Amino acid sequence: MKKLTLGLSALALSVSAATAQANCDAGEVVAKLSHVTGGTTHPKVVAANNFAERVNKEMNGYMCVEVYPNSTLFGDSKELEALLLGDVQILAPSLSKFGSYTPKYGVFDLPFIFKDMDAAINFTNSKDGKKLLNEMEDVGFVGLGYWMSGMKYFSANKALLEPTDAAGLKFRVQSSDVAKAMIAAMGGTPQAMAFSEVYGGLQTGVVDGQENTWSNIYTKKFFEVQDSTTETSHQLLAYLFMTSKEFLDSMPADKRAQFLKIADEVTNEANLAVKAAENTNRENILKAGGKINTLDAAARKKWVDAMKPVWKQFEDQIGADLIDSAANS
Ligand code: SIN
């Protein structure tokens with residue numbers, strides 16, 4: 001009987017890949033699930049661990065999932081390449097990190113396109129959303145589901161009460177052209193940076209601010225090195241829970257069906273739990289002494305007005321119909 005790999009989450013910073021592998025029984029297919037987030041209350045950490053726990057119990061003897069959180073196996077820049085090379089089998093990268101494979105995922109990054117996570121979930125369950133899941137099949141990527149992470153908020157080394165407060169500041173963004181254009185629209189300078197480098201970048205002043213969910217701001221302690229976070233809810237952060245076509249095709253049909261069923265159930269469960277996780281981590285930030293600036297309707301409108309023109313810039317690449325479909329979810 002294999003040991004659960006979940007303990008690895010806590011030990012991940014010190015454990016080596018070789019030690020992690022020792023949890024699987026001889027003869028089992030080993031599926032490495034790599035991701036970049038950490039802590040115990042993060043929605044991706046919980047979903048990844050749930051998936052591993054289910055596969056390790058229900059597919060015991062055939063497959064064993066090892067979870068590598070916190071960029072301990074692969075970070076942002078290498079993980080997609082590693083999946084195609086077969087060095088890792090399962091990932092859950094942010095939808096903002098696929099720019100070199102498809103411009104269509106830019107739709108998820110458009111500022112204020114989803115009024116909340118429910119609207120985003122509606123879109124991912126729609127015909128257009130489902131089609132996007134397998135947008136990169138020709139590359140060899142297979143989408144297993146969308147995992148919501150939360151809405152994003154801006155933090156900086158000064159209070160950002162109005163978009164003009166961001167003028168002249170350097171903001172860390174993911175590798176997304178939409179995010180870069182959005183920062184430029186606020187008069188700031190975007191700086192793409194791997195997630196694992198953000199805390200250091202904020203601490204040393206390489207960047208002045210960043211945008212993220214409550215769960216990332218809390219579990220990565222960004223609030224410790226920022227003046228405050230403003231509750232802009234300007235953008236969605238969601239993940240593509242994914243594998244490679246090669247890995248999926250390597251399973252016999254009955255095992256593949258079982259694997260896909262577990263993936264589906266874990267995805268639904270994760271999306272039902274995400275709002276509570278975000279609320280908990282918002283509270284955790286306040287309890288730990290972090291400062292949150294709230295916006296009334298008039299103040300929020302200023303942020304919308306500053307950033308919404310970005311949609312037009314990406315209409316040709318993303319497609320007007322797809323933008324409409326997402327905006328009306
Ligand atoms: C993640 O939540 O996976 C990382 C998001 C980021 O890079 O900001």
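As the structure lists them, so they are numbered: ligands from 1, and atoms in each ligand from 1. Quick caveat, the model's predicted, so the values are computed rather than measured.
Side-chain atoms of Asn157 and Asp227 form no donor-acceptor pair, as typed in the model, at a separation below 3.5 Å. Side-chain contact, Asn216 with Lys221: no donor N or O sits under 3.5 Å from an acceptor N or O.
The Val36 neighbourhood of ligand 1 comprises atoms 1 (C), 3 (O), 4 (C), with distances under 4.0 Å to a heavy atom of that residue. Near Thr37, the atoms of ligand 1 lying under 4.0 angstrom from a non-hydrogen atom of the residue are 1 (C), 2 (O), 3 (O). For ligand 1, the atoms lying closer than 4.0 Å to a non-hydrogen atom of Leu237 are 2 (O).
Within 6.0 Å of NZ on Lys158 lie more than 12 heavy atoms contributed by other residues, nucleotides or ligands.
The protein heavy-atom contact nearest to atom 2 (O) of ligand 1 is Tyr239 OH, 2.5 Å. From the protein, the heavy atom lying nearest to atom 7 (O) of ligand 1 is Lys97 NZ, 2.7 Å.
Where the criterion is an N or O separation shorter than 3.5 Å, residue side chain and backbone included, Ser94 fails it with respect to ligand 1. Ligand 1 has an N or O atom lying under 3.5 Å from an N or O atom of Asn212, backbone or side chain. Checked by distance only, ligand 1 and Lys44 come closer than 3.5 Å through their nitrogen or oxygen atoms. By the 3.5 Å distance cut-off applied to N or O atoms, Asn216 is counted among the residues near ligand 1.
Of the heavy atoms in Met193, none comes closer than 4.0 Å to ligand 1. Under 4.0 angstrom from ligand 1, there are no non-hydrogen atoms of Val198. Residue contacts with ligand 1 for Thr213 are absent, since no atom lies close enough (heavy atoms, distance under 4.0 Å).
For the pair Lys245 and Phe141, the cation does not sit on the ring face, since its NZ or CZ is not both under 6.0 Å from the ring centre and inside 45° of the axis. Cation-pi check for Lys308 over Trp311 is met; the charged atom lies under 6.0 angstrom from the ring centroid and within 45 degrees of its normal. Cation-pi contact between Lys220 and Tyr199: absent, since separation from the ring centre below 6.0 Å together with deviation from the ring axis within 45° is not met.
Inter-residue side-chain proximity for Trp214 and Thr229 is flagged as met; some heavy-atom pair is nearer than 4.5 Å. Counting heavy atoms from C-beta on, the side chains of Ser233 and Tyr153 come closer than 4.5 Å.
Ligand 1 has no atom lying under 4.0 Å from any heavy atom of Gln210.
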Kindly determine whether Met63 and Glu28 satisfy side-chain contact (heavy atoms from CB on, under 4.5 Å), including the steps that lead there. CA-CA 5 Å; Met63 185 180 286; Glu28 285 183 313; over 6 Å; no
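Distances from atom 8 (O) of ligand 1 to the heavy atoms of Arg172, Glu211, Glu197 show the closest one on Arg172.
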